[in-house]
Amino acid sequence: MSAVVTPIPGAEPRRTGLKVLVRGLEVRAAIGVYDHEHGRLQPLFLDVELDLGAAPVRELSDTLDYDAVAAIARDLAAGEHIALVETFAERVALACFDHPRVQAVRVRVEKPGAIAAAAAAGCEVTYCR
């Protein structure tokens with residue numbers, strides 16, 4: 001036997017937010033503070049979460065799509081040597097704010113092999129407008 005659900009008057013669904021996600025993106029970057037880390041590329045794994053607010057997305061120009069997020073990370077990884085994963089994460093996050101719809105961003109960067117016997121070491125940074 002199923003129960004009848006009576007809708008609450010005036011309780012129409014409304015959008016409260018929209019997030020764009022990129023998870024587990026692998027890039028190879030010149031990164032690290034130690035001498036043995038200079039002159040070689042190392043893998044980094046990124047998770048990026050963008051909060052675009054509640055406004056509707058009807059066209060690609062209304063969003064920062066995941067291909068653009070991946071391009072930001074790849075371009076930064078292909079650039080100059082960066083000492084810290086924290087710096088890399090901050091640069092990715094701040095580059096995402098070039099799109100006016102981005103209200104908040106969270107970037108997690110993991111560097112596998114950074115610590116023996118650990119799956120990865122890394123950081124997570126968040127920014128909001």
Side-chain angles (χ1 to χ4, degrees):
M1 173 159 126
S2 65
V4 175
V5 177
T6 305
I8 299 170
E12 294 298 316
R14 63 184 174 83
R15 182 191 305 256
T16 59
L18 173 68
K19 296 200 177 189
V20 171
L21 308 170
V22 174
R23 295 241 166 97
L25 176 67
E26 182 178 359
V27 298
R28 297 192 61 78
I31 194 159
V33 295
Y34 300 110
D35 288 341
H36 70 274
E37 295 179 298
H38 288 259
R40 67 184 183 102
L41 299 178
Q42 298 184 73
L44 299 176
F45 290 92
L46 286 84
D47 295 336
V48 180
E49 182 177 302
L50 305 173
D51 183 343
L52 300 185
V57 173
R58 293 192 171 82
E59 299 178 15
L60 193 57
S61 62
D62 294 334
T63 185
L64 179 56
D65 73 288
Y66 38 77
D67 283 329
V69 173
I72 287 169
R74 288 182 182 124
D75 288 348
L76 287 168
E80 66 186 8
H81 184 94
I82 298 172
L84 302 171
V85 294
E86 293 85 349
T87 303
F88 184 79
E90 287 180 341
R91 289 180 184 177
V92 171
L94 293 173
C96 290
F97 276 115
D98 286 345
H99 194 285
R101 277 291 302 273
V102 175
Q103 299 300 306
V105 62
R106 179 185 64 80
V107 176
R108 168 182 231 129
V109 178
E110 293 184 346
K111 185 178 176 186
I115 298 175
C123 72
E124 183 173 291
V125 63
T126 58
Y127 283 91
C128 67
R129 291 193 195 272

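Keep in mind that what you see is a predicted model, and the values were worked out from it rather than measured.
R101 contributes a side-chain N or O that, together with a main-chain N or O of L52, makes up a donor-acceptor pair within less than 3.5 Å. H81 places a side-chain N or O within donor-acceptor distance of the main-chain N or O of G32, the cut-off being under 3.5 Å. Within the 3.5 Å criterion, the main-chain N or O of K19 finds no donor-acceptor partner in the side chain of D51. Side chain of Q42 to main chain of I31: a donor-acceptor pair is present (N/O by atom type, distance under 3.5 Å, no hydrogens or angles).
Nearest heavy-atom pair across V102 and R129 is O-NE, 2.6 Å. Of all non-hydrogen atoms in P112 and F45, the two that sit nearest each other are CG-CE1, 3.5 Å. The shortest non-hydrogen separation linking A114 to A121 is CB-CB, 4.0 Å. Looking at every heavy atom in both residues, H38 comes nearest to V33 through NE2-O, 3.9 Å. The minimum heavy-atom distance linking V109 with V107 is given by the pair CG2-CG1, 4.0 Å.
Hydrophobic clustering, with ILVMFWY side chains joined whenever heavy atoms are under 4.5 angstrom apart, keeps V20 apart from L60. Cluster annotation: V57 and L64 are assigned to the same hydrophobic cluster (Ile/Leu/Val/Met/Phe/Trp/Tyr, side-chain heavy-atom contacts under 4.5 Å, transitive). Under a hydrophobic-cluster definition in which Ile, Leu, Val, Met, Phe, Trp and Tyr are linked whenever side-chain heavy atoms come within less than 4.5 Å, directly or via other members, Y127 and L18 are assigned to the same cluster.
Residue pairs that meet the side-chain hydrogen bond (donor to acceptor under 3.5 Å, both in side chains) test with at least one member in residues 108-121, sequence neighbours left out, are E37-K111, R108-E124. Pairs of residues two or more places apart, or lying in two chains, never qualify as salt bridge (Lys or Arg N to Asp or Glu O under 4.0 Å) while including a residue from residues 59-77.
Within a 6.0 Å sphere centred on CZ of R28, other residues, nucleotides and ligands contribute more than 12 heavy atoms. Taking a 6.0 Å sphere around CZ of R40, one finds it holds more than 12 heavy atoms contributed by other residues, nucleotides or ligands. In the displayed structure, Y66 atom OH is contacted under 6.0 Å by at most 12 heavy atoms of other residues, nucleotides or ligands.
Side-chain contact check for L25 versus V48: every heavy-atom pair is 4.5 Å or farther apart.
For the atom pair T126 OG1 and R106 CZ, the distance stands at 9.0 Å (nearest 0.5 Å).
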> Should V22 and L46 be marked as a side chain to side chain contact (heavy atoms under 4.5 Å, CB included) after you check the CA-CA gap, both sets of side-chain angles, and the distance that decides it?
Replying inline: CA-CA 8 Å; V22 174; L46 286 84; over 6 Å; no
Throw together a table of side-chain donor-acceptor distances under 3.5 angstrom for residues 86-98, partners on residues two or more places apart or in other chains.
none

